[in-house]
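Written out below as structure tokens is the structure these notes cover.
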Amino acid sequence: MSGQIEKVEVLVCSPGRNYVSVKITSSDGVVGWGDATLNGRELAVAAYIRDHLASTLIGRPADRIEDTWQYLYRGAYWRRGPVTMTAIGAIDIALWDLNAKALGVPVHRLLGGATRNRILAYTHATGWDLPALIDSVDATREAGYRAIRAQFGVPGLETVYGVSQSAAYEPAGRGARPAEELWDTHAYLRHAPKVLSALREHVGPDLHLLHDAHHRLDPTQAARLARSLEEVDLFWLEDLIPAENQELLRSVRAATVTPLAIGEVFTSIWDCRILLAERLIDFIRMAVSHGGGISHLRTVLNYAAVHQVKAGPHGPSDISPIAMAASLHLGLASPNVAIQEYMGHPAETAEVFSPGYTFTDGYLHPGDAPGLGVEVDETAAARFEYEGAYLPTARTLDGGVTDW
Ligand code: GCO
Ligand code: MG
């Protein structure tokens, strides 16, 4: 018994970047934490939980995790979408944390236990030109990583999303509105194969290399790029085309054997059902926080497994340490989670969130503390007030808005 849900509170703070967390307290005094951070739309999720969900949860049995998920998703008229699914995800993650703590076990034990000893991690390396990229990849490899995502500048452009101009990389920029960046797909397509081939030449065959195109291509461009990179032997090529139109990936898939990953913007199984059923991708990238929590992502992972699709969950800095911990517990208990993105957080984040997961020798482990194993310092959080921050908008050279 974990008692009843007595309190549902929302904590918005900004230690180095914005985070929204949910704290659920049971009548037995047990606390569970969930992550409700949605980059650039934080306050919408905070209000959804605070104004529309919290009062409906008070008094419900705290140990009915699945029933609460069904109640919030199937029981509501309006379904899906990032705000709704992140809100449901945060409540779900908090309830898994609370119940595991009440039982004194790590969340992965409640999910059936570990299916392997550790989870392969990948992180980002960036450099504007090839020498800078090589330096960044070498340093990252030196730090123990066996899988590295490589992003680079494009001649003729002043900025490229995901390529840091300074040491501290954070794609959301503070301010009242998104920055606007220029994008040129043709210049990128001319440049990318040369850089990635030279990088493979430099690192040799063993290191796993990944690359992210951030949904900027059309299916023909995507097919050409993926085919031209086959010799580079990428671990995956990510987000080639806008993710809404699942059927369009059929032609890309038919044209190439480069492994494809997609899905960090997906929020429910309905966004990827065709991709999984037809095995149009090799890796599904949904995040535990944006994808309806541990309960729903587990459904997605099991459906993916039936179709021999693996997972490599989203893990940039906008996945807070709470969701990162949840992803690792679920990942350890799920046989088809092949790799976890692990980008780390700004230094100040550690003043508020103390996670128990560890990175050793290129692999992650969630730890064995009860629950998710993340401590949250609410007093410290109060020192870091929310400040609006947005991902940039991209425009083509003629000034038109282009895809994310
Ligand atoms: C990734 C990404 C991120 C996202 C960002 C959006 O693969 O990690 O594409 O950089 O764009 O997290 O909020
Ligand atoms: Mg990505």
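Keep in mind that the numbers below use all heavy atoms, side chains included, and drop hydrogens, waters and symmetry copies. As the structure lists them, so they are numbered: ligands from 1, and atoms in each ligand from 1. Fair warning: this is a prediction, and the values are worked out from it, not measured in the lab.
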Need the ligand 1 atom indices (1-based, order shown) with element for anything under 4.0 Å from a heavy-atom of [X].
| X | answer |
| --- | --- |
| N39 | 6 (C), 13 (O) |
| H314 | 1 (C), 2 (C), 3 (C), 4 (C), 8 (O), 12 (O) |
| D212 | 1 (C), 2 (C), 7 (O), 9 (O) |
| R285 | 1 (C), 7 (O) |

Check whether any side-chain heavy atom of [X] lies under 4.5 Å from a side-chain heavy atom of [Y], and answer yes or no.
| X | Y | answer |
| --- | --- | --- |
| W404 | L391 | yes |
| D271 | R80 | yes |
| Y342 | F359 | yes |
| R253 | R279 | yes |

Exercise. T86 pairs by side-chain contact (heavy atoms from CB on, under 4.5 Å) with which of L38, V20, D35?
Worked result: L38

Seminar exercise, completed: From the list L364, T123, L332, I319, side-chain contact (heavy atoms from CB on, under 4.5 Å) with Q340 holds only for L364

Exercise. Less than 3.5 Å between some nitrogen or oxygen of E341 and one of ligand 1, yes or no?
Worked result: yes

Exercise. Would you say E264 has any N or O atom under 3.5 Å from an N or O of ligand 1, going by distance alone?
Worked result: yes

Problem set entry | N, O or S from E264 under 2.8 Å to the Mg ion (ligand 2) |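 A backbone or side-chain N, O or S atom of E264 is under 2.8 Å from the Mg ion (ligand 2).
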
Exercise. Short check: any N/O/S atom of E238 below 2.8 Å from the Mg ion (ligand 2)?
Worked result: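 Looking at E238, which is the residue asked about, there is an N, O or S atom under 2.8 Å from the Mg ion (ligand 2).
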
Exercise. Does ligand 1 have any atom sitting under 4.0 Å from a heavy atom of E238?
Worked result: yes

For this session: I would like to know whether E351 and R383 meet salt bridge (charged side-chain N to carboxylate O under 4.0 Å, His left out); could you show each step before the answer?
Result: CA-CA 10 Å; E351 295 183 38; R383 293 204 306 272; 2.5 Å; yes

Problem set entry | Which atom of D212 approaches the Mg ion (ligand 2) most closely (N/O/S) |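 Considering only N, O and S atoms, D212 comes nearest to the Mg ion (ligand 2) through OD2.
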
Problem set entry | Derivation and outcome, side-chain hydrogen bond (donor to acceptor under 3.5 Å, both in side chains), residues D239 and H215 | CA-CA 5 Å; D239 286 347; H215 312 112; 3.2 Å; yes

Problem set entry | For ligand 1, the portion of L391 having any non-hydrogen atom under 4.0 Å away |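 It is the side chain that touches ligand 1; the backbone stays farther off.
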
